[in-house]
Visitor: 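I have a structure here, written as structure tokens, and I will follow up with some questions on it.
The sequence lines fix the lettering, A, B, ..., with proteins before strands; numbering per chain opens at 1.
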2 protein chains.
Amino acid sequence: MADKVMDRRIARTRGTLQRALSSLILTKGYDAITVDDICETANVGRSTFYSHFTSKDDLKRRGLDEHLRELLADRRRNAPAPGDLKDRHLAFSLPLFEHARDHLDLYRALAGSRGGGVSLGAIRQIVSDLVREEIADNADRNPGDVIPRDVVVTYVVGAYMALLTWWLDGGAKLPPQRMDGMFRQLATEGIMPPDSEER
Amino acid sequence: MADKVMDRRIARTRGTLQRALSSLILTKGYDAITVDDICETANVGRSTFYSHFTSKDDLKRRGLDEHLRELLADRRRNAPAPGDLKDRHLAFSLPLFEHARDHLDLYRALAGSRGGGVSLGAIRQIVSDLVREEIADNADRNPGDVIPRDVVVTYVVGAYMALLTWWLDGGAKLPPQRMDGMFRQLATEGIMPPDSEER
DNA sequence: CCAAAAATGGACAGAATGTCCGAAAAAGGA
DNA sequence: TCCTTTTTCGGACATTCTGTCCATTTTTGG
């Protein structure tokens, strides 16, 4: 962006503060953290903190923005050729699981259950946009009592975020491919096991 | 419980404080509320507040517990005869939507997006128990690469809570029966519209 | 080596928390 | 109704955290 060349001290200070916040979130949960905690962990003066960020929330938000930009850049870079796997639905899932695994501690802080909502909301928003885009087509036809697109989006994104948070909280034991496969199967085929068609 | 007869003043004070909190949550969001706000809204002295509750979170949690007890009592009362609609899956859904509609403002405070997580977690826990119970059977067989029960529970509950929150935030415009129908259809049949079997 | 920029620590006012106490008010039993 | 018990009240208090400001020291990059 506008940060063509940045003073080493600034980069170092901000980076240290971001990392301190992430580690504290995993330690004691976001709500219980004070600005003092962050500064002490980061070995940074409190006045320095306030010369970079206006509050704890500001620090969190800006760190999040940065990494979400990275995520979207990844996505753009690895975008499947349009029309390639065109009929592969919910394509956002695997890249996001992989990105989360590659930045596990950060994601556990941002999207884990200790992260305290704020970040989760931003991530949820991004995922919502991706999903809405994908299922945009098949909504307009069938004016009858079809399920509204907003409902489908809410449903899918809620389920996905829950899986992501669960996976991160448990230390991301299962491989991203497995998580992605299960999610897409549940979303497209429903929760009934294949042999329970018996009634 | 142990509250056989309760001094009128105590009942009145606690009730007023609970109601004050609920209304404030809808007004300014849970995080921004101070104990002073609650006391002023309720016309109760601050020392009185602390003689009943240890903190804002305590007040919220105890109010939540009370109403969750009521919800479970409702559920027990209206429980379908076991074996009656045995094959109707996800039976918890409709009663919970209806209960939420009957106590709309309270639920918007507890489970709406302004409620700030804490209550959502408790509700999610209860719903998780109900869902886990229901899909307990069909898990043990098929030792192969079947989707683990925890994953299915997480998926379903995440989707349900997202729908519930979305519905409440929007003022619960759609009838509970509609919400229930859409949820159960999405959960059992997946998100594909019936006519998109084309590939 | 030097001027500009950043980091530091300490002081400060303001807000909110949680505790304590004496005095006023309300409740409920006799 | 009266009297004792319990609750409520309001104010004072110590503590913690916030956010701002400034004079001083340190680091950076040219």
Visitor: On DNA chain C, nearest-nucleotide positions of A:Arg14 versus B:Ser47: which is more 5'?
Guide: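 By nearest-heavy-atom nucleotide position, the 5'-most residue is A:Arg14.
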Visitor: Taking 4.0 Å as the cut-off, does a side-chain nitrogen or oxygen of B:Thr13 come that near to OP1 or OP2 on D:dT8?
Guide: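 So the side chain of B:Thr13 is within the cut-off, an N or O lying under 4.0 Å from OP1 or OP2 of D:dT8.
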Visitor: What's the closest nucleotide to the side chain of B:Ser55 if the choices are C:dG18, D:dC9, D:dT28?
Guide: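 The answer is C:dG18.
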Visitor: Are OP1 or OP2 of D:dT7 and a side-chain N or O of B:His52 less than 4.0 angstrom apart?
Guide: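 Negative; the distance criterion is not met.
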Visitor: Map B:Arg46 and B:Ala11 onto DNA chain D by nearest heavy atom, then report which one ends up closer to the 5' terminus.
Guide: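 Result: B:Ala11.
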Visitor: Tell me if the centroids of the rings in B:His67 and B:Tyr107 come within less than 6.0 Å of each other.
Guide: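 Centroid separation for B:His67 and B:Tyr107: 6.0 Å or greater.
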Visitor: Roughly how far, to the nearest 0.5 Å, is CG of A:Leu71 from CD1 of A:Ile123?
Guide: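 CG of A:Leu71 is found 8.5 Å from CD1 of A:Ile123.
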Visitor: Rounded to the nearest Å, what distance is computed from the CZ atom of residue B:Arg8 to the C1' atom of nucleotide C:dG28?
Guide: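 Value for this atom pair: 8 Å.
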Visitor: Return the value, rounded to whole Å, for the distance between atom CZ of B:Phe53 and atom P of D:dT7.
Guide: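 B:Phe53 atom CZ is separated from D:dT7 atom P by 14 Å.
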Visitor: Once you apply a heavy-atom cut-off of 4.0 Å, does B:Thr34 come out as touching a base, just sugar-phosphate, or nothing?
Guide: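 Sugar-phosphate, backbone atoms only, no base.
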Visitor: Tell me which of B:Asp7 and A:Val44 sits closer to the 5' end of DNA chain C, going by the nucleotide each one is nearest to.
Guide: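 The 5'-side residue here is A:Val44.
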Visitor: Tell me the interatomic distance from B:Asn43, atom CG, to C:dA25, atom P, rounded to whole angstroms.
Guide: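 Rounded to whole Å, this separation is 16 Å.
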Visitor: Rounded to whole Å, how long is the line connecting atom CD1 of A:Ile10 with atom P of C:dA4?
Guide: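 The distance from CD1 of A:Ile10 to P of C:dA4 comes to 17 Å, rounded to the nearest Å.
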Visitor: From CG of A:Leu24 over to P of D:dC17, roughly how many Å is that when rounded to an integer?
Guide: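 My rounded result for the distance is 13 Å.
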Visitor: Strictly below 4.0 Å: does A:Thr48 bring a side-chain N or O up to OP1 or OP2 of C:dA6?
Guide: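 For C:dA6, OP1/OP2 do not have a side-chain N/O of A:Thr48 under 4.0 Å.
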Visitor: Calculate the interatomic distance between A:Tyr50 atom OH and C:dG9 atom P; express it in whole Å.
Guide: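 Rounded to the whole Å, the gap is 16 Å.
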Visitor: Take the protein atom CG of B:Asp36 and the nucleotide atom C1' of D:dG11, then report the distance between them rounded to whole Å.
Guide: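 Whole-Å distance recorded here is 13 Å.
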Visitor: Using only heavy-atom distances, decide whether a donor-acceptor pair under 3.5 angstrom links the side-chain of B:Arg9 to the base of C:dA26.
Guide: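 It does, because a donor-acceptor pair links the side chain of B:Arg9 to the base of C:dA26 below 3.5 Å.
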Visitor: Around B:Arg61, counting heavy atoms of other residues, nucleotides and ligands shown, do more than 12 lie under 6.0 Å from its CZ?
Guide: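 It does not: B:Arg61 CZ has 12 such atoms or fewer within range.
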Visitor: With ring-ring contact (aromatic ring centres under 6.0 Å, His included) as the criterion, how do B:Phe97 and B:Tyr160 come out once you've worked through the C-alpha distance, each side chain's angles and the decisive distance to 0.1 Å?
Guide: CA-CA 10 Å; B:Phe97 276 125; B:Tyr160 184 81; 5.0 Å; yes
Visitor: Around atom CD of B:Glu70, are there more than 12 heavy atoms from other residues, nucleotides or ligands closer than 6.0 Å?
Guide: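 More than 12 heavy atoms, drawn from other residues, nucleotides or ligands, come within 6.0 Å of this atom.
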Visitor: How many whole angstroms separate atom CD of A:Glu40 from atom C1' of D:dT18?
Guide: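 Distance, rounded to whole Å: 17 Å.
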